[in-house]
Amino acid sequence: MEKQGIRINRERLKNTIEEFADYGRTENNGVTRLALSDVDIQVRKHFQSECEKLGMTVIYDDMANMYATLPSMDNDQPPVVVGSHLDSVKKGGRFDGVLGVLTGLEVVRTMVENGIRPQVPVVVANITNEEGARFEPAMMSSGVISGKFDKPTMLKSTDEDGVTFGEALESSGFAGKEENRLKDAAAFLELHIEQGPVLESESLQIGVVEGVVGMVNYEIEVTGDSDHAGTTPMSMRKDALFATNNLMTEIREKMSKLDDKLVYTIGRMNVSPNIHTVIPNKVVFTIEARHQDAKTIRQVEEIIQGLPESAGKEKCNVKVTKQWDRDTVWFDEKLVNALEQSAKNIGYSYKRMVSGAGHDSQFIATYIPTAMIFVPSVNGKSHAEDELTLWEDCENGVHVVLQTVLELTTR
């Protein structure tokens, strides 16, 4: 079979991306499609319908992960899986996650219309609640099926309305059997937008992803006293926000001396009582850091764990709590090489790179051979309504996955 002559249909891919974006499309052409919300349930039903039109069988597991299977000449063989997630953040983009699922759909559509019957099954997967935007943590369901997260604990996770993940799961109609979980596969392939500026800035078409960096997240609680903002002398205050400002400055000064590839973010802050006439008595904020080297992450943790010793200036108490961490994950070298070879064969420009963002693949890689590719994000934008990946870049990425799937399933 001349695999190089088989191409996907760019116009169909474009139309499908826009079609799926209609489920939760926002005023500014983004998408809000939180996990197991009404609109997520609707897009899941649409996805299932499109798969069934191709003769695929669709099943769900106990975490509502969806697996659509194209039959093969030997259905007892471990499948090749292509997938990502259909859920989004609030006012997110049209490409994050969903492009990876629709990559699998377009690969299967191309195989079917070309009369290609694979030697092993091809599965298109939609993994539930990757974003963690409604129910924390992110990558919840891939974490459960890979043994990283405790299912009973995850079922108790609540959204801002007090609905638990377990309740949403039960009412969704997509709660299946534990025995349906993805347990064994020849490969798991995920195409994702880069969500960063590197590929575009270097005028590259494909990012061959070697792994996902390690991450650590802490919550810092700073406690002082509330007093009147006009009558309390500065020398007698225990201002939690001033203390927090000092800590943030210290964090930045110390972490900037570690490694230029280290990234760190203070992403959430709650100030109490948050009234302009009252001295803040409590601030709770998060600090997250990411780096591929475990030694650097340990240095980060030493800095954070030393913060209580720095609280004396404002006479406040500082409590440091580790929320979670994730080790650096390296993808399967054979699959990484296969994706690279496909990009080479087609003639695309590319580079090997490490992902700074978390993806379901990093958990699935702990028990199934896994690899990813990135396609460029315009201006590096993601998790925003103006997120954009050019249609040509979408096509290029899907074409690399198609060629790799053909190599893995039609030898």
Side-chain angles (χ1 to χ4, degrees), residues 89 129-140 142-144 146 148-150 153-154 156-160 195-196 211-224 238-272 274 280-329 354-360 362-363 366 383:
V89 298
N129 194 32
E130 192 271 355
E131 295 290 2
R134 183 183 179 193
F135 303 103
E136 293 185 354
M139 303 180 298
M140 176 189 282
S142 59
V144 169
S146 63
K148 298 296 181 181
F149 295 153
D150 175 62
T153 302
M154 296 300 103
K156 295 175 184 175
S157 178
T158 58
D159 66 10
E160 60 185 17
Q195 301 181 285
V212 179
V213 301
M215 313 172 191
V216 66
N217 182 282
Y218 277 81
E219 182 177 84
I220 316 299
E221 182 179 299
V222 184
T223 306
K238 294 183 180 179
D239 189 318
L241 188 53
F242 280 177
T244 297
N245 182 60
N246 295 338
L247 294 175
M248 291 167 60
T249 300
E250 179 178 340
I251 288 168
R252 190 165 187 181
E253 287 176 349
K254 291 183 176 179
M255 289 195 185
S256 66
K257 297 175 182 177
L258 296 181
D259 189 282
D260 58 8
K261 290 184 179 180
L262 174 68
V263 294
Y264 47 93
T265 306
I266 294 173
R268 183 176 68 202
M269 178 178 289
N270 295 312
V271 180
S272 300
N274 205 25
N281 71 339
K282 181 183 284 189
V283 177
V284 179
F285 69 97
T286 59
I287 174 72
E288 178 192 279
R290 305 184 184 208
H291 195 275
Q292 65 192 62
D293 180 37
K295 179 182 177 182
T296 302
I297 293 293
R298 283 197 300 271
Q299 291 174 317
V300 166
E301 295 202 67
E302 289 171 3
I303 291 171
I304 295 172
Q305 290 164 2
L307 292 178
E309 301 171 8
S310 306
K313 294 177 184 176
E314 306 296 337
K315 302 184 287 291
C316 292
N317 294 319
V318 176
K319 179 183 177 184
V320 172
T321 304
K322 187 173 183 176
Q323 301 285 79
W324 50 262
D325 62 11
R326 292 168 188 157
D327 294 335
T328 296
V329 171
V354 178
S355 174
H359 300 283
D360 287 318
Q362 75 188 83
F363 284 156
T366 61
H383 282 191

Any donor-acceptor pair under 3.5 Å from Arg268 side chain to Thr286 backbone:
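Between the backbone of Thr286 and the side chain of Arg268 there is no qualifying donor-acceptor contact (under 3.5 Å).
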Can a donor-acceptor pair be found, under 3.5 Å and without considering hydrogens, that links the side chain of Thr328 to the backbone of Gln292?
yes
Applying the side-chain contact (heavy atoms from CB on, under 4.5 Å) test to Glu314, which of Asn246, Leu241, Leu247, Val222 qualifies?
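Of Asn246, Leu241, Leu247, Val222, side-chain contact (heavy atoms from CB on, under 4.5 Å) with Glu314 is met by Asn246 alone.
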Any [X] side-chain heavy atom under 4.5 Å of [Y] side chain:
X      : Y      : value
Ile304 : Leu307 : yes
His291 : Val213 : no
Met215 : Gln362 : yes
Asn281 : Ser272 : yes
Glu221 : Thr321 : no

[X] side, atom [atom1]; [Y] side, atom [atom2] - distance, nearest 0.5 Å:
X      : Y      : atom1 : atom2 : value
Ile220 : Ile251 : CD1   : CD1   : 6.0 Å
Ile297 : Leu262 : CD1   : CG    : 6.5 Å
Asp360 : Glu131 : CG    : CD    : 9.0 Å
Glu253 : Met248 : CD    : CE    : 12.5 Å
Met269 : Ile287 : CE    : CD1   : 10.0 Å
Glu302 : Lys254 : CD    : NZ    : 10.5 Å

In this structure, are over 12 heavy atoms from other groups packed under 6.0 Å from [X] atom [atom1]?
X      : atom1 : result
Phe242 : CZ    : no
Lys156 : NZ    : no
Asp150 : CG    : yes
Glu136 : CD    : no

When you look at Glu301 and Lys322, which way does the side-chain contact (heavy atoms from CB on, under 4.5 Å) test go after all the steps?
CA-CA 9 Å; Glu301 295 202 67; Lys322 187 173 183 176; 3.1 Å; yes
If every non-hydrogen atom of [X] is compared with every non-hydrogen atom of [Y], which pair is closest and at what distance?
X      : Y      : value
Thr158 : Phe135 : C-CD2, 3.9 Å
Ala357 : Gln195 : CB-OE1, 3.9 Å
Ser157 : Met140 : CB-CE, 3.9 Å
Pro280 : Val271 : CB-CG1, 3.9 Å
Pro137 : Phe149 : CG-CE1, 3.6 Å
Cys316 : Lys238 : SG-C, 3.8 Å

Let's go through Met139 and Arg326 carefully: what are the C-alpha distance in whole Å and the side-chain angles of both, what is the deciding distance for side-chain contact (heavy atoms from CB on, under 4.5 Å) to 0.1 Å, and is it a yes or a no?
CA-CA 11 Å; Met139 303 180 298; Arg326 292 168 188 157; 3.0 Å; yes
Going through the distances and angles, do Val300 and Tyr264 end up as a side-chain contact (heavy atoms from CB on, under 4.5 Å)?
CA-CA 9 Å; Val300 166; Tyr264 47 93; over 6 Å; no
